[in-house]
Every structure is written in structure tokens, then in C-alpha cells.
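Structure first, then comments.
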Amino acid sequence: MTIKKYLILHLLLALLPLMAMAQEDSLSGNHELREVVVKSKNGKANYRTENMELIGKAELFRAACCNLGESFVANPSVDVSYSDAATGAKQIKLLGLSGTYVQMLTENIPNLRGAAIPYSLGYIPGTWMQSIQVSKGASSVKNGYESTTGQINIEFAKPQGTDGVRGNAYFDSNMKVEGNADASIHLTDKLSTSILLHYEDRQTDHDGNGDGFMDMPKQRQYNAMWRMAYVSPGWISQLAIQGLKDERQSGMSHHHSSGVQHYGIEQATNRYTLMWKNGFTINADRNESVALMLHGSIHDAKNRFGYDQYDIKQTNGYAQFMYETDFGEYHNLATGASLNYDRYNERPSESPLEGDFPTRMASSPFKGDKRGSSETVSGIYAQYTYKLGDKFTAMAGLRYDYSNLWGSFVTPRLHLKYSPSSVITLRASAGKGYRTANAWAENVPLMASGRQFRCDGETNNGFGFFREEAWNYGISANLNIPVGEKSLELNAEYYYTDFLKQLVVSVDTEVWQGIPAPNRAFHFSQLHGTSYSHTVQIDATYPFFEGFSATAAFRYNDARTTYEHIGLKQRPLTSKYKGLLTLSYKTPMELWQFDVTGQLNGPGHFYYLADSDLTTYPAFFQLQAQITREFRYFSIYAGGENLTNYKIKNPIIGAANPWQPTFDATQVWGPIEGAMAYIGVRVKI
């Protein structure tokens, strides 16, 4: 029996004493009434004009949820997958497109942008989150111009919440250990403070498929946040300071026996953020208020792939002033101004280590030189909302922004919501989104390949900046249909994203030109042609009986992009469809909770390799389950992920010799790891 199977068996056997404890409790008859806790409801936020899904604490606890990237396991709209088979970086997809087109917010302030994108899903611990709001389509202009396919907003645990100490400990069969703790205290009836701590560690040199490369990186992370809040009838102020240190090591395992030079991958990131939000009530009767939001971050990352090194430091400053008021019974106006500043210092270069090996950044226009570039964007906006009770809402917004790199641009957005009865809610939206893409910083995981990097055509001063611009249109229907004594919640939606400008990563331009493998590269270029995505989704939720509910969903994607010398093709590594079924059951006293989630991931295309017989990958099914046992002051949970044990047979192409141009760890379309078991405990004092 392997060590991994041994650990899985013993973690599952750990459930047996929990069952005995539950049986003893059920027979004793000495139950105490527990404190009543109001939990946020999951599902559609029907009170919102936008098409929004709310993921509350109850949903987050249905899985191990170690970080943001693992919070969407039971969500039908958001896909999470590995960016490559070497670094452990995860990426999300929404509406069939990369997560770079999703505006990431923390407490309604733009965050986790640019250089933070590759590993950002691991920067927010699961226990820190109070809720997640997923908005689809072009969102409100209040938060800026960057939302193209939607927004994901993370609300952290607030210091003005209940006093006390909370903790979480986690261990899994991949030898990952995690510890979390947070504490909050009310200093006065208006002033409160809290601290949130996170530590995770995995130092196992694990190579489950025997290809000589670690299946997941060795990783150690320290993460801390301090918060303070002042809440009074006329003034609300929130201050937060966060510091993070994240270290990853991967590449060849110590058990590699091919005799080639060792190929190592290392990432070291230090990130610091500061947030200060202030809201002042002018007239409560007409909801008149002003707000000032400030945010700053320093993201400093060093990346080494073999003998190639890429260092990136991004400094960001953001400020927004907002005024909002109701005028008349049906009308609301929100206006404001914002300023965003990004400074990048980059150095793609060869490592000073000895050896004559091909450099991945050989064709970078500033190879070996540390160069700086910056973008400053100032803007103003106005958003008008007409609300006729609960029946009809129209929200129209317009932004005007000026960038020192791209000049002035206008962002229009419109949202409509119509509820003719309590049974049905209809929504429609249309809007534009813009984004400045940094080809190097946002695509660091692509360095886990033998290809070179080349920027073609329209960039800004050779720094690898590209302008992206797209329209997004969407319609949706939400129905609450009485079935028996329960209500069936049924949702249907369609979204279309049409790019006018886009950063296109073309992988095999040289293949179609007949250029030999040693000279092939990742080509970063501006879109020449059409690029779009169609997404259709249907999902239904029904509580069959007390404590038991089920959600079923199906989504179809058609995402295509024009590639130079290739034409209009389906976007690689994007599944055509996804099916999902989640089952959840709580016993009458809520002592036990059982959760099962199954995902059917559809087939898709690899890169367009004209010299390869492999062009598509198959559909595959994954299963995960968790059991939670509640006690008065703590809970114990245990479960497993990828219980079908499905994994890619050879996730790394050319693993035997990573120094050759044919080496490629970036074509990941499914699980790299097999079945995994975990156990954890949550404590609340």
C-alpha cells in the first residue's frame, strides 16, 4: 500500500469515532439549545439589478475551501483549473473566457490585478471570507471600466461582527498543513478591531505519475491582516493592512533519474496592501451620502524557470470619491471620480548560472535590462437608477476616463430588471469593458515551456502592454415555481462577449509557417479579426425535503478567436460544456451535514499543433464529498476531492528533457493529482 493510499484510508477511518459520538449524542437526550446564528443565503441575489450569485459562509463550508481558488467547487458559473502542470498556479474562467476579464474586487475596491493575477487565487484564505458575490456581464460603472465578463467581490470578516476567537486547522493526504486564526473585539460601542492570520505549508517532493516532475509545488505561505472599524450613525470608517509572503518550489523531483541537468522552478512573492474606506451620511431620509475609498499595494515577485529569471514589481495606488442620493420616490443618482496608478518594474533575464541553454525570454525587447513603465487613469462617472417598486428597475451608467498611454475612452453600461410577479424575474444587460494587459506579468506560468516569448505589433513602448476592448450582452430569467409545498428555483441565461481589441497569445504560428521546433515561440499580438464567446447556462435548485437540497446545472461554451496564419478557431484548453450536480443534507438538529458534488467537464482543444496527432482532449467526471460534525464550540469535517481518481496521464510534454524547445507544461486540461482526502477542525470561542 502506497503512503498516499495509507493516509487516505486513515483519514476516512477518522470518521468512525465521529459517528459514534453522534450516536451517543442522539441517544442521550441532553441537547442544549445552541445560539441562533443568522447565515447568509446562497444563490441568486434577486434584489440586485445585476445578475449576481451570492456565496455565503454556509456554501464556503461545504468544501475544505482553503483559499479563494477552492471556493467555487459547487458553483456552476465559475471554473477553476491549474494554469500549468508545474507551478501550482490556478486560474478561473467565467462565461467561457479567462479570469483576466473578470474584475476582482475586495470589499468593492479593485484589487489583485496585473502582476498578482497568476497566483492571486491563493492569496485569500477561505476562513477570512464572509461572502463572495459573482456578477455576470458588464457590471456597475462605480467600480471602474475593467469588468468585461463580470466581477467577483470578496467580503472579508468584519471586526464589527461578534467578539471572539475563531480557528481552523487542516491536513490532507498530499501532506499539506494549514492553520488559520482570527480574533475580534469591540473596544467601544463604535470602535472595533480584529486580526486575521494564515499559515500553510507543504514540503513533500511528490511525483505520482513518475514523469520526474513534482505534481505540485512545495509551498509555504504567511499571510496576516489587521483591521479596525468605526461605526456610528453618521460616519463609517474601515482600515485594513495586509502582508503576505508566498514561496513555491517545483520542477524536477529528487527521484528524477534521466541523468539530465536539474530543472528547477522557484517563485517568491511579497505583497503588501492598505485599504481605508470612509462613508458619511448627509441625509438618511433620502439616502444621501458621500464616500472616500483609498487603496494601495506593492507586489514584488521573483520567478525562475530553469536558467531564466523574470522579476516583477508592481506598485498600485487607487482612490475613489462617490456621492449618492435619492431624488424623488423612484430616482437615484450616483456620481464620482476615480484615479488609478500602476507602476511596473520588470526584468526578464537569463540567470547568471553556468551553462549554454536556450533562454525563454531570448526575444524580449528589454532582455537583461530592468525597465520601468507606468499607467495613470483618471475618470469620472454617473449612474442613474429608476426603480418602480419591486416590479421594474433600470440602471444606466456612463464613465469617461483618460489614460496617459491610450488617451480618452468612454464606458457605457445598461441594466434592466423586470419582475411582473413573485414567480419570475427577467434581466438584460449591455456594456463595454476596457483593460490594459501586461503580456509578461499576467502570463508567468507560460514560462514552464521551452518556447520563447515574442511581442508582435502594437505594444506600448516595447513594454508588452496591450489594449483590450469588448462589448458584453446578456439576458437571464429567474423563476421560483411552486412544486408541491416547496419552490423550484430555475435560472436560464445567455451571454455574448464580442472583442474589438484583444491580447492574443498565439502558440503555433511557426508550425503553420513550417518553422522548426527550436525557433517556435509564444506570440503576443493584437487581435486581427474576430474574437467572441457565447455562453448558455441553465441551473435548478430544489429542496426535496427538510434539510435536503439539490442543484443541477448545465453550461455550454462557444469561445473562438482569430489566430494569425491559422484563422478563427476555438480557444484552446476551454471545455465546450460543463454539467454539475450538488447534493446537501443536514440532519434535523444540524449536528451532521453531508455534501456531495459531481462535475462533468466537457471536451476541448489543445493548442493547434499541426505536427501532432493530438488535437482534442476527452470529457471527464470528478466527484468530491465532505462530512461535517457540529459541536457547541467546534466542528470537525473530513472529505475527499477527485474521488473518481481521474488525472491526466502525461501532463508535461517532454518531461524527460526540459531543456529542449519541445518541453511544455502549459497544456493542462484536467486534474494533475489523483484522489485526495482531508480532515480539519473549526473552532469558535
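Residue numbers start at 1 and run along the sequence shown.
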Would you tell me whether [X] and [Y] have side-chain atoms, one donor and one acceptor, within less than 3.5 Å of each other?
{"X": "Q133", "Y": "S131", "value": "yes"}
{"X": "Q103", "Y": "Q151", "value": "yes"}
{"X": "T628", "Y": "E630", "value": "no"}
{"X": "Q267", "Y": "T87", "value": "no"}
{"X": "N316", "Y": "D342", "value": "yes"}
{"X": "D595", "Y": "Q626", "value": "no"}

Tell me if the centroids of the rings in [X] and [Y] come within less than 6.0 Å of each other.
{"X": "F453", "Y": "Y310", "result": "no"}
{"X": "Y637", "Y": "F61", "result": "no"}
{"X": "Y263", "Y": "F305", "result": "no"}

Relative to each other, are the rings of F631 and F634 parallel, tilted or perpendicular (30° and 60° limits)?
parallel

Take the angle between the ring planes of Y307 and W659 and call it parallel below 30°, perpendicular above 60°, tilted in between.
tilted

Do [Y] and [X] meet the salt-bridge criterion of a basic N to acidic O distance under 4.0 Å?
{"X": "K578", "Y": "D79", "result": "yes"}
{"X": "R220", "Y": "D201", "result": "yes"}
{"X": "R347", "Y": "D311", "result": "yes"}
{"X": "E59", "Y": "K57", "result": "no"}
{"X": "K90", "Y": "E70", "result": "yes"}
{"X": "E146", "Y": "R435", "result": "no"}
{"X": "D246", "Y": "R248", "result": "yes"}
{"X": "R227", "Y": "E107", "result": "yes"}
{"X": "K647", "Y": "E673", "result": "no"}

Is it true that atom NZ of K176 has more than 12 heavy atoms of other residues, nucleotides or ligands lying nearer than 6.0 Å?
yes

Write out all pairs satisfying salt bridge (Lys or Arg N to Asp or Glu O under 4.0 Å) with one or both partners inside residues 92-101, taking only residues at least two apart or from two chains.
none

Residues pairing under salt bridge (Lys or Arg N to Asp or Glu O under 4.0 Å) where one sits in residues 660-671, two or more places apart or in two chains, turn out to be none

With salt bridge (Lys or Arg N to Asp or Glu O under 4.0 Å) as the criterion, how do E200 and R202 come out once you've worked through the C-alpha distance, each side chain's angles and the decisive distance to 0.1 Å?
CA-CA 7 Å; E200 65 180 89; R202 178 178 55 220; over 6 Å; no

Side chain [X], main chain [Y], donor-acceptor under 3.5 Å:
{"X": "K158", "Y": "F156", "result": "yes"}
{"X": "D207", "Y": "G210", "result": "yes"}
{"X": "S194", "Y": "S184", "result": "no"}
{"X": "D172", "Y": "M175", "result": "yes"}

What pair of heavy atoms forms the shortest contact from T666 to P445, and how long is it?
CG2-O, 3.8 Å

Sequence neighbours excluded, the answer for side-chain hydrogen bond (donor to acceptor under 3.5 Å, both in side chains) partners of N180 is T127, N168, E178, H198

